[in-house]
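Below is one structure, written out as structure tokens; comments come after it.
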2 protein chains.
Amino acid sequence: MTRKADRDQIRRQNRSIILKALRRQGPIARIDLGQITHLSPATVTAITSDLLAQGLIEGIESEEPKAPQSRGRPRSLLRINPDAACVVAIRLSVNAIDMSLANFAGETFLNKRVPFDSASADAASFPMLLIETIETFVGEAAVQPDSIREIGVAAQGVVDKGSGMVVWSPAFAGRNIPIVAPLTKAFDAECILSNDTNMITEALHWIDPARYSDTFAVVMLDYGVGMGLYLDNRLFEGANGMAAEFGHSNHIPGGALCRCGKRGCMEAYLSDYALVRAATHLPETTDPKEINAGVAGLAALIARADQGDNDALTAFASAGRVLGYGLARLLAILDPKRIVLTGAAMRAFRFMEASMYRGLEEALVEDLRQNYEIDVMPWNEDFIRRGLVAQAMDRLDKDYLGTETRKIASPRNRGAAA
Amino acid sequence: MTRKADRDQIRRQNRSIILKALRRQGPIARIDLGQITHLSPATVTAITSDLLAQGLIEGIESEEPKAPQSRGRPRSLLRINPDAACVVAIRLSVNAIDMSLANFAGETFLNKRVPFDSASADAASFPMLLIETIETFVGEAAVQPDSIREIGVAAQGVVDKGSGMVVWSPAFAGRNIPIVAPLTKAFDAECILSNDTNMITEALHWIDPARYSDTFAVVMLDYGVGMGLYLDNRLFEGANGMAAEFGHSNHIPGGALCRCGKRGCMEAYLSDYALVRAATHLPETTDPKEINAGVAGLAALIARADQGDNDALTAFASAGRVLGYGLARLLAILDPKRIVLTGAAMRAFRFMEASMYRGLEEALVEDLRQNYEIDVMPWNEDFIRRGLVAQAMDRLDKDYLGTETRKIASPRNRGAAA
DNA sequence: CAACTTTTTTTCGGACGTCAAAAAAATAAT
DNA sequence: ATTATTTTTTTGACGTCCGAAAAAAAGTTG
């Protein structure tokens with residue numbers, strides 16, 4: 001049954017809408033906030049004065065109003081108080097921990113990459129390592145630890161949102177690495193673990209909501225194969241937060257050997273090692289662990305294809321056809337209005353494109369191939385961070401319901417404390 | 001961006017919750033409504049007196065209070081006014097139009113099946129036929145036509161919710177049969193076209209929300225293969241209302257010939273004709289149109305399997321394995337917590353079960369096979385009607401926002417008009 | 001330079017929703 | 001008849017949004 005509604009809810013939602021608008025539209029006057037949110041000026045004033053009192057936003061006393069000649073009372077601009085909160089975004093990838101600090105305006109003000117040894121990282125050792133790495137990072141930033149309100153972690157592979165563990169990931173030797181529990185305990189902050197491609201999906205929605213809304217899928221071909229789903233205008237993560245494992249959905253029964261041990265997974269045809277395996281005429285049963293591919297191997301293969309190397313071209317063409325079949329299955333099952341292709345392998349898209357469309361055509365009846373578009377998105381590592389930050393901001397906005405804000409720290413020497 | 005919230009919304013939602021509780025829990029006292037909905041007694045009184053004034057619900061002046069010995073003011077029960085509205089539920093299947101009339105309490109009070117000739121039904125002829133069939137049916141029911149507020153239509157095959165057309169269906173010879181536009185024009189009622197398996201999904205949620213909520217999938221093996229998806233606690237229909245075409249998602253590239261013309265669709269291994277084709281050793285490329293299967297052929301095949309016929313048993317075992325692969329793909333992509341198997345072919349489930357689980361195991365890495373259950377649901381034709389009615393009730397509840405109700409007709413001679 | 005115009009922001013009063021508490025209603029128990 | 005008990009309704013308070021009016025803060029004009 002749907003939950004009952006009460007008046008708290010409506011204030012909370014409207015506050016959150018205003019915060020989101022402020023974060024997105026930069027400094028803005030109350031009147032324009034009303035336009036954007038469809039709230040009356042009276043309501044905007046009420047809510048913003050609340051937010052001002054809480055210190056979540058601040059007025060700009062700018063000496064230079066940009067529009068010099070305009071009658072009437074000049075607009076007084078509002079903006080998010082960047083120092084009202086602080087979030088940490090962490091990406092766990094092979095041999096590297098990427099960390100970022102972002103303020104309440106959603107701006108990243110510090111990044112750091114720390115290498116670690118994926119091959120030896122397991123459930124026993126990694127959590128402690130991660131905590132120490134974060135503590136060092138936060139210490140260097142001269143941020144008061146208690147101003148950190150959210151920690152978002154993205155990992156490649158299978159993550160279980162319920163238990164807050166990385167079930168399996170190429171970034172770790174071990175399995176079932178607990179992340180959320182140790183971090184929550186070590187830091188006084190909400191911690192949330194997400195799949196990396198889901199964060200790309202969230203980032204796309206944040207960056208261009210007009211284009212990336214409603215129902216779309218993101219497929220990432222990189223080190224491994226990832227997917228993110230935005231369904232009915234929200235990120236879909238499945239009952240256990242494990243959805244969108246496109247890479248391990250089966251393509252051919254008994255087919256090529258996958259890193260997961262099964263035969264015929266999409267990943268076994270599309271990922272870095274699969275492409276290298278195909279291009280070097282290794283049998284499909286070659287153990288992926290014995291193939292030295294990775295993003296570097298992929299890049300080398302793309303270079304060969306660029307020079308017209310036939311093996312490379314054939315490998316990409318075959319992968320394209322498999323991709324076409326995979327997308328056809330997505331279209332049949334989910335009817336998305338858009339599919340976004342991204343990841344390092346997309347630099348080779350021109351070698352896959354024709355066969356991909358051929359695969360799509362072979363695999364799916366025309367009636368179901370009518371209303372969709374495919375975007376090819378240049379790969380941008382930054383997307384994962386932006387998705388993490390966007391998600392954290394969303395959670396922060398909803399957290400600051402009516403409760404008094406915690407003491408607001410000033411991580412850096414910002415002058416503008418009204 | 002999320003929509004702004006205002007207080008209309010909250011009243012609407014709480015009204016709708018109360019109506020839903022009344023419909024589900026039968027006659028009930030205000031105090032219990034408060035318990036169920038978590039609304040205060042004051043609010044319950046306010047909302048119910050509103051609904052009473054609108055004639056959507058009515059009090060019961062029962063002479064016999066069921067519980068004879070109890071102190072205190074006796075509870076005065078409320079119930080939905082069944083005559084407040086009337087909906088038509090229509091199922092279009094091969095050679096038959098099934099129609100039902102249901103009242104505002106969600107009770108069906110009249111059913112009728114009218115045969116028609118699917119082989120000659122196309123976009124030009126069918127809409128008129130359907131309108132006339134409905135008009136006759138409604139006429140026989142002695143229902144004032146203007147008390148009909150919603151018409152729900154379910155069809156097998158590919159339906160386009162946006163355009164309100166049946167793109168392709170085994171029930172029709174033609175394609176792109178308009179349904180919503182003609183019916184909306186002919187009757188002064190909202191009309192909505194849905195996929196039949198989606199309605200089964202909706203019905204399951206209505207009948208047992210505790211079990212069928214959050215994220216689950218329904219797979220129907222019958223005449224053709226259908227799927228319904230309930231994701232994040234709502235029916236998912238895709239960007240164009242065409243989602244969940246599991247039957248035409250590809251299983252084997254270049255595989256068995258499907259009714260849709262493509263090769264290797266799930267349907268080409270799982271549906272009636274596929275099973276008959278396999279059991280009679282016809283080549284996989286045999287045109288489905290030349291196979292006389294249908295639900296009757298399927299029943300015959302099940303009978304053969306019951307008697308230990310080897311061809312039949314092998315056919316079911318192979319289909320089971322294919323089904324296992326299909327479910328594995330669903331698990332990988334959507335991570336549902338439950339999969340419901342239904343349809344006429346489920347009477348043969350015991351012949352498919354072992355190979356289905358084998359297929360699941362072959363196709364999907366164990367990590368992704370941890371947290372789900374499979375239900376096998378005896379097939380019940382009634383589900384589609386119940387889903388249609390449940391959907392119509394939902395829409396009605398939300399329609400009766402603050403607007404005055406239309407004049408309430410009394411279709412039958414009901415005494416209880418307070 | 002004072003009055004007018006224009007635009008933004010704030011204030012005020014009204015309407016409406018929920019809720020807690022009090023009152024009323026209806027019956028059983030004494 | 002009176003008291004006790006339980007349900008329902010009423011009342012009053014509080015919170016929210018909105019429209020209208022007022023106030024504020026400029027520029028423009030005579």
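Side-chain atoms are counted along with the backbone in the values below, which use heavy atoms only and exclude waters and symmetry mates. Each chain gets a letter, A, B and so on, in the order its sequence line appears, and its residues count up from 1.
In this structure, R23(A) is positioned above the aromatic face of F104(A), its NZ or CZ under 6.0 Å from the six-membered ring centre and within 45° of the axis. Cation-pi geometry between R24(A) and W206(A) is met: the NZ or CZ atom falls under 6.0 Å from the ring centre, inside 45° of the normal.
Summarising the geometry, the separation between CD on Q9(A) and P on dT16(D) is reported as 13 Å, rounded to the nearest angstrom. Spacing between atom CZ of R73(A) and atom P of dA26(D) amounts to 8 Å, rounded to whole angstrom units. Between the P atom of dC17(D) and the CG atom of L33(A) lies a distance of 14 Å, rounded to the nearest Å. Atom pair R7(B):CZ and dG17(C):C1' shows a separation of 8 Å (rounding to whole Å applied). Atom CD1 in I31(A) sits roughly 6 Å away from atom C1' in dT8(C) (whole-Å rounding). Rounded to whole Å, atom C1' of dT7(D) lies 11 Å from atom CG of L77(B). Straight-line distance from the CD1 atom of I28(A) to the C1' atom of dT9(C): 15 Å, rounded to whole Å. Rounded to whole Å, the distance from CG on D8(B) to C1' on dC17(D) is 10 Å.
Judged by closest nucleotide on DNA chain C, G72(A) is the one of G72(A) and A42(A) placed further toward the 5' end.
For dT18(C), the OP1/OP2 oxygens have a side-chain nitrogen or oxygen of R11(B) closer than 4.0 Å. Checking the phosphate oxygens (OP1, OP2) of dT9(D), a side-chain nitrogen or oxygen of T45(B) falls inside 4.0 Å. Between T43(B) and dC19(C), a side-chain N or O to OP1/OP2 separation shorter than 4.0 Å is present. Applying the 4.0 Å criterion to OP1 and OP2 of dC19(C), one finds that K4(A) has a side-chain N or O inside that range. Close to dT7(D), at under 4.0 Å from its OP1 or OP2, lies a side-chain N or O of R75(B).
Picking from dC17(D), dA25(D), dT18(C) the nucleotide with the shortest atom distance to the side chain of I10(B) gives dT18(C). Proximity note for P41(A) (side chain, C-beta onward) versus dT8(D), dT10(C), dA28(C): the nearest is dT10(C). Each of dT6(C), dT9(C), dT18(C) was ranked by its minimum atom distance to the side chain of R71(A); first place goes to dT6(C). For N14(A), taking side-chain heavy atoms from C-beta onward, the closest of the listed nucleotides dA28(C), dG17(C), dC17(D) is dC17(D).
Nucleic acid contact for A46(A): none, since no nucleic acid atom lies under 4.0 Å from a heavy atom of the residue. Within the 4.0 angstrom heavy-atom criterion, only backbone atoms of the sugar-phosphate kind lie near R30(B); the bases stay farther away. Using a 4.0 Å heavy-atom criterion, one finds that S76(B) contacts the sugar-phosphate atoms exclusively.
Here the CD1-CZ distance, from I47(B) to R12(B), works out to 13.0 Å after rounding to the nearest 0.5 Å.
Using modelled atom types and a 3.5 Å distance limit, the side chains of R30(B) and S76(B) yield a donor-acceptor pair.
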As a quick check of understanding, evaluate side chain to side chain contact (heavy atoms under 4.5 Å, CB included) for R234(A) and D214(A), giving each step before the final call. CA-CA 7 Å; R234(A) 46 202 278 201; D214(A) 296 329; over 6 Å; no
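Y230(A) pairs in a ring-ring contact (aromatic ring centres under 6.0 Å, His included) with only one of the listed residues (F236(A), Y212(A), F216(A)), which is F216(A).
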